[in-house]
2 protein chains.
Amino acid sequence: MKIEIPSLQTACAQCNLREFCLPGDLGNIDMDRFNTVLGGRIRIKRGHHLYRSGERFSAIYAVKSGFFKTDVLTDDARDHVTGFQMAGEILGMDGISNEVHTCNAVALEDSEVCLIPYADLEGLSRELRTLQHQLHKVMSREIVRGHSTMLLLGVKRVDESLAAFLLDLSKRLTARGYSPTEFHLRMTREEIGSYLGLKLETVSRSFSRFQEEGIISVEQRHIRILDISGLKKLMTRIPANPRCIVPTNSQKMRRLQGTSRGLHEAAVLSA
Amino acid sequence: MKIEIPSLQTACAQCNLREFCLPGDLGNIDMDRFNTVLGGRIRIKRGHHLYRSGERFSAIYAVKSGFFKTDVLTDDARDHVTGFQMAGEILGMDGISNEVHTCNAVALEDSEVCLIPYADLEGLSRELRTLQHQLHKVMSREIVRGHSTMLLLGVKRVDESLAAFLLDLSKRLTARGYSPTEFHLRMTREEIGSYLGLKLETVSRSFSRFQEEGIISVEQRHIRILDISGLKKLMTRIPANPRCIVPTNSQKMRRLQGTSRGLHEAAVLSA
DNA sequence: CGCAGTTTTGATTCATCTCAATTTGTGTGG
DNA sequence: CCACACAAATTGAGATGAATCAAAACTGCG
């Protein structure tokens, strides 16, 4: 099914995405060795899957160009977008735990990925501590990213979520040398909604509100951020109701302080 | 701050949690070597932190006994519970990416964890491929768990979420030798609500509904599942409205098939 | 025993969803 | 090149599920 052609010169060293990607800050010698495990490039056309939930896992992928989404399905066929991945970001780490992919990865535009056979990666990262550490960092980052997404889904209101979403995109695009204030959305309102736990109409209304307030300009999927600091303010809820304010009564304070010393009071035992 | 006493005999080999824990299926020889990197045990009293967001990262922790929650804060001090951890589960992997913890870990009852100094763990897992693979599996599992939680937060209704939550707890407790149908919740309604993106009152009402329907019995935090299959049904929404049914019109089908071939049609290029 | 924290329950409000209609954009075939 | 079909996005009106506010009951701890 999957035809792997050994890489002649995938040349991470020449890739301008290196710093965001798995190689990270690998030195030249290690970089060359890393290149030897690369399995070549794969082109995925817009709308097509890089992998599907249930497929056997054998490799992770670095996005070389283009844009992806990952999504998961419930038993009753509702789906939820778990993330969007752009150049330099890694796809497929969900498959490591059981050697089976647990989500779908779909290209949102014609894209190219670098195939990294997982067995080889493990082998080499036993030899190269920098590579090993890079891999762990990338996986850990994915865990942390998950926490942020949970925050969006769990506690943020519509406008807060959408503002956070746009600022996150802006940040990632900026790091890749694109404009911080002007970009093209690769996903539909429905996909944004799915990611943020909202319906597409709700996303659309929020965009319209932002536009009315002069925070951004929206023309279909073309976004221009007119007021970055305004957008940042929208991310944070104005604590309108007293519930959001830090408790001040003495009991609450005492209790909070009781739990505020962390490990200092942890009894460390010899085993 | 953190006093680490070298382990005399932490003895994973004798620990009945081994299979769920980082050591996993390590053989005896590897297990002994793994024991040598363990940093000892730490006792955390109920309500106290194992680590806090912002603290420097230096180790991960395996829950030896007790129960934890992890939570993250928004800029405006709203917090969100990202998970609950029981015996054999690993805490602290969020800290690997930037050597700083990005969430808080709080004991929900008097607990004990095994300290695993991260630098040593990396070192040893370069030597032991089974340990290396175990570590990757544990991290990947955490990523996948995040996806499931996003599903709960993004697409599930109150009763569906709570049913899924109870069944997940039941499953994890069963694996550890406890009753599948009867257990004690270690967290408050508010913490459950935070985890599921709900308010405590909403959680309480959902518990009451389940009880009225004879699905479970609730006495404070003591839960008895009376009808497991009923609870499983509640996890899945009855597709009441046509939107939930797979689209049948020819256009939609054609489009779906167009994206259903995965890698088969991916062009594999030599690099 | 008494108090504080937790949980339950009720009444009401409100944010988002749902349903529906319209507009805009895009690709296709005649 | 236009017309058509369809996907995507906007907008409005109304429904609804969960949040909010409020009060009471319960529990466990000091």
Side-chain angles (χ1 to χ4, degrees), chain A residues 46-47 78 108-109 152-162 184-194 196-212 217-223 237 239-244 247 249-256 258-259, chain B residues 45-47 78 108-110 152-162 184-194 196-212 217-223 237 239-244 247 249-256 258-259:
Chain A
R46 174 180 172 178
R78 284 173 285 173
L108 296 183
E109 58 182 342
L152 292 187
L153 290 164
V155 315
K156 298 260 185 187
R157 315 323 213 73
V158 177
D159 288 0
E160 297 169 346
S161 290
L162 190 64
H184 201 81
L185 298 174
R186 259 62 211 208
M187 66 298 278
T188 65
R189 303 287 191 261
E190 187 168 16
E191 286 160 336
I192 298 172
S194 174
L196 299 174
L198 302 169
K199 290 294 161 186
L200 69 107
E201 297 95 325
T202 309
V203 173
S204 178
R205 277 183 242 274
S206 183
F207 270 127
S208 301
R209 263 193 310 273
F210 286 5
Q211 182 155 238
E212 276 164 33
S217 100
V218 186
E219 279 166 47
Q220 292 296 118
R221 298 194 184 175
H222 191 83
I223 302 290
R237 195 212 318 229
N241 79 52
R243 211 166 287 243
C244 293
N249 86 62
S250 58
Q251 290 304 331
K252 269 256 158 72
M253 289 307 284
R254 214 185 306 151
R255 183 162 166 268
L256 285 169
T259 65
Chain B
K45 287 193 97 58
R46 173 180 174 178
R78 282 173 287 173
L108 296 182
E109 58 182 341
D110 293 359
L152 293 187
L153 290 165
V155 314
K156 298 263 187 185
R157 316 317 213 73
V158 177
D159 288 0
E160 297 169 346
S161 290
L162 190 64
H184 199 80
L185 298 173
R186 258 60 211 209
M187 66 297 278
T188 65
R189 302 290 190 258
E190 187 168 17
E191 285 160 336
I192 297 172
S194 174
L196 299 174
L198 302 169
K199 291 294 162 183
L200 69 106
E201 296 95 325
T202 308
V203 173
S204 176
R205 276 183 243 275
S206 184
F207 270 127
S208 300
R209 265 194 306 275
F210 286 4
Q211 182 153 240
E212 275 163 34
S217 99
V218 187
E219 279 167 47
Q220 291 298 119
R221 299 194 183 176
H222 191 83
I223 302 290
R237 199 224 300 243
N241 80 50
R243 209 167 288 245
C244 292
N249 86 61
S250 58
Q251 289 303 333
K252 269 258 157 73
M253 287 308 284
R254 214 184 306 151
R255 184 163 164 268
L256 284 170
T259 64

Quiz prompt | Nucleotide D/dG17, atom P - distance to NZ of A/Lys199 in whole Å | solution = 14 Å
Self-check item: Residue mapping more 5' on DNA chain D - nearest nucleotide basis, A/Arg157 or A/Glu212
Solution: A/Glu212
Exercise. Assess whether one donor atom and one acceptor atom, taken from the side chain of B/Glu201 and the base of D/dC21, lie less than 3.5 Å apart.
Key: yes
Self-check item: Nearest-nucleotide pick for A/Ser208, side chain only, options being D/dT11, D/dA19, D/dT10
Solution: D/dT11
Self-check item: Straight-line distance of B/Ile192 CD1 to B/Thr202 OG1, nearest 0.5 Å
Solution: 12.5 Å
Quiz prompt | Between D/dT10 (C1') and A/Phe210 (CZ): distance, integer Å | solution = 16 Å
Quiz item: Between C/dT9 atom P and B/Gln211 atom CD, what is the distance in whole Å?
Solution: 8 Å
Quiz item: Should B/Arg221 and B/Thr188 count as side-chain neighbours, where that means a heavy-atom distance under 4.5 Å?
Solution: yes
Quiz item: What about B/Gln220, does its side chain sit under 3.5 Å from the base of D/dC26 through a donor-acceptor pair?
Solution: no
Exercise. Quickly work out the B/Arg46 CZ to D/dG30 C1' distance and round it to whole Å.
Key: 14 Å
Quiz item: C/dG5 C1' sits how many Å from B/Arg221 CZ, rounded?
Solution: 10 Å
Exercise. Measure from CD on A/Glu190 to P on C/dC17 and round the result to the nearest Å.
Key: 12 Å
Quiz item: Between B/Arg189 and A/Lys156, which has a closest nucleotide on DNA chain C that is more 5'?
Solution: B/Arg189
Quiz item: Nearest to the side chain of A/Ser204 - D/dA19, D/dT10, C/dT6?
Solution: D/dT10
Exercise. Would you indicate which nucleotide in D/dT20, D/dA8, C/dT6 comes nearest to any side-chain atom of B/Thr188?
Key: C/dT6
Quiz item: More than 12 non-hydrogen atoms from neighbouring residues, nucleotides or ligands closer than 6.0 Å to CD on A/Glu190, yes or no?
Solution: no
Quiz item: Is the shortest heavy-atom distance from the side chain of B/Ile223 to the side chain of B/Phe210 under 4.5 Å?
Solution: no
Quiz item: Could you give the CZ-to-C1' distance, from A/Arg186 to D/dA8, as a whole number of Å?
Solution: 16 Å
Quiz item: Which part of the nucleic acid does A/Val158 contact within heavy-atom distance under 4.0 Å: base, sugar-phosphate only, or nothing?
Solution: sugar-phosphate
Practice problem: Quick one: label A/Gly193 by what it contacts on the DNA or RNA (base, sugar-phosphate, nothing), any heavy atom closer than 4.0 Å. | Solution: nothing
Quiz prompt | Atom-to-atom span, CG of B/Leu185 to P of C/dT6 - whole angstrom | solution = 14 Å
Self-check item: Contact summary for B/Leu162 and B/Ser206, nearest pair of heavy atoms
Solution: CD2-OG, 3.3 Å
Quiz prompt | Heavy-atom donor-acceptor pair, B/Arg205 side-chain to D/dG17 base, under 3.5 Å | solution = no
Quiz prompt | Sugar-phosphate only, base, or nothing, as touched by B/Leu198 at under 4.0 Å among non-hydrogen atoms | solution = sugar-phosphate
